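Worksheet for the structure shown next.
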Amino acid sequence: CATKEEVAPRMLSCALFRTKSYFFRKSLTPMIGRSFGSTVSGFESRIATVLGGQWGDEGKGKLVDILAQRFDIVARFNGGANAGHTLHVDGKKFAFHLLPCGMLCKDTLNIIGNGVVLDLPTMFKELKDLEDNGLARDDNLKISDRAHLLFKFHKVIDGIQEDELEEKSIGTTKRGIGPCYATKAFRTGIRVGELMEDFDAFSIKYLKLVKTVQNMFGGFDYDTAGELEELKAFRERIKPMVTDTIFLINEAYRNGKSILAEGANAALLDMDFGTYPFVTSSATTVGGISTGLGIPAHNIDCVLGVVKAYTTRVGWGPFPTELTGEIGDFLRSEGHEFGATTGRNRRCGWLDIPVVQYSAQINGYHSLNISKLDILSTFKEIKIGARYILNGQTLKPGEMPSTLDGLEQCEVEYETLPGWQSDISACRTFDELPANAQAYIIRIEELTQIPVSWIGVGPKREEMVTRGFDNNYSKSA
Ligand code: GDP
């Protein structure tokens, strides 16, 4: 143990180092327009992540697809087939629910991490869709042997629970995600690695698990023989894909490879930080990368938050900036705000800055991607929900009520900005955007204190404004 005399100088030099590095960092952050620090593309990072900053469906898939072209590995760390990433590439539309979005890049290795719950039939369906488009990709996909298997009965339970809640339902995708994480937490779940071992031993565990859940949920008819047969066939096909991804990913990192962690769902749907219970059942925020991939947290050097230029959410729960009238309907139809997984209508509203500030506090975004700015192009005036007022007090940036009632009681103070009323879909640089669109972005930066590096101006891969770096994304660039 060090003595007090030995510790004091060390503490002083630590404090000096921190102060120095603060000023060093400050001096490295040139102002762009009136923004706050330099923009960050993510391309230079060793481990970058793309996370949803609102209630999901922000357009994370598009940014992952762009970044993936220059990353060696793309890894999913949370959720299951409840993601709904829609990509528009070379005139084709792809909807990924379970596979990482790096699957469209032939030189990128894709990983389904230990934090994901694996629905094998869905995974093979998505692989088949790729194959049908001439993109057979079995060889650039690896699956964690520690990922939990999601069985059909998990979906049955999901349906039973949602039906019981009736109009108070969580609004899950009924893909069995919550029940699968529940069996994981109950320690009755079965992991991919166990499917790869002796099949008779696996079958015994599987039948025991089915019995347990049947007892818990009042019994339901279930074709165990059919599912076991299907699993036996899948087992052969996934053999070359299943591996210790924790070692694989860390070894790749040690060998200088770059890794992109692809977030599914979003901060306000996080099991701990979201608007509980209207949340998903996994960690959707930055901490989920460590637990869902086995990567040390301090190795993550770039966190990119994707924030839609307005706000949407699926399912129930308070939504302070919701627009229920004509403007909300317009955002829904213009923005095609219907779930990629469920087809359900998304609720729409103005951009909610307290939500973004709260998610930024948790995720520590280095930079933002404001997506779907083009959807606001026809408005004469655009509102931003700038602050929450609760019981007469203005909440500080980052403060967020923990209960549904608390959030319901928040009043929103809006700022109104002039619209740009012109087509921005051909813009590729910040300077090409109309002045009022630039002003909208700059106001978001001022309110969040985070630079905006990427701005979505359309659904296609190329419909993206880059700020402070070139827009030639390809690996050879
Ligand atoms: P994710 O789950 O966060 O990837 O989001 P989704 O894929 O569910 O929803 C985003 C939808 O918006 C997809 O259909 C995208 O193709 C589309 N999209 C993404 N970025 C933009 C954009 O900047 N403008 C427009 N108009 N559409 C976009």
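Computed from a prediction, not measured in an experiment: that's the story for all the values here. Every number for a ligand or one of its atoms is a count from 1 in the order of the listing.
- With a heavy-atom cut-off of 4.0 Å, Asp374 touches ligand 1 through its side chain alone.
- Note on residues 353-379: pairs passing salt bridge (charged side-chain N to carboxylate O under 4.0 Å, His left out), not counting sequence neighbours, are Glu337-Lys372.
- Around NZ of Lys152, the count of heavy atoms belonging to other residues, nucleotides or ligands within 6.0 Å exceeds 12.
- Between Ser371 and ligand 1, no pair of N/O atoms sits closer than 3.5 Å.
- Of the candidates Gln54, Arg461, Glu463, Lys372, it is Lys372 that places a heavy atom closest to atom 17 (C) of ligand 1.
- Taking every non-hydrogen atom of Val457 and a distance limit under 4.0 Å, the qualifying atoms of ligand 1 come out as 23 (O).
- Of the polar atoms of Gly458, at least one N or O is found under 3.5 Å from an N or O of ligand 1, judged by distance alone.
- With salt bridges taken as basic N to acidic carboxylate O contacts below 4.0 Å, one links Asp119 and Lys155.
- Between the CD atom of Gln449 and the CD1 atom of Ile444 there is a distance of 13.5 Å, given to the nearest 0.5 Å.
- Ligand 1 places these atoms under 4.0 Å from at least one heavy atom of Gly61: 4 (O).
- Using a 4.0 Å cut-off between heavy atoms, Ile375 contacts ligand 1 through its side chain alone, with no backbone atom that close.
- For the residue pair Tyr276 and Asp270, no side-chain donor N or O sits within less than 3.5 Å of a side-chain acceptor on the partner.
- When non-hydrogen atoms are compared, ligand 1 lies under 4.0 Å from the side chain of Lys62 (C-beta onward) but not from its backbone.
- Here OG of Ser367 is found 8.5 Å from CD1 of Ile450. Values are rounded to the nearest 0.5 Å.
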All N/O donor-acceptor pairs, side-chain side in residues 288-302, below 3.5 Å, sequence neighbours left out:
unit_1: Ser290; atom_1: OG; unit_2: Ile295; atom_2: O; d: 2.8
unit_1: Ser290; atom_1: OG; unit_2: Ala297; atom_2: N; d: 3.3
unit_1: Thr291; atom_1: OG1; unit_2: Gly288; atom_2: O; d: 3.4
unit_1: Asp301; atom_1: OD1; unit_2: Arg46; atom_2: N; d: 3.3
unit_1: Asp301; atom_1: OD1; unit_2: Ile47; atom_2: N; d: 3.1
unit_1: Asp301; atom_1: OD2; unit_2: Arg46; atom_2: N; d: 3.0

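- The proximity of Arg346 to ligand 1, defined as any non-hydrogen pair under 4.0 Å, is limited to the side chain.
- Within ligand 1, the atoms closer than 4.0 Å to a non-hydrogen atom of Gly456 are 23 (O), numbered from 1 in the order shown.
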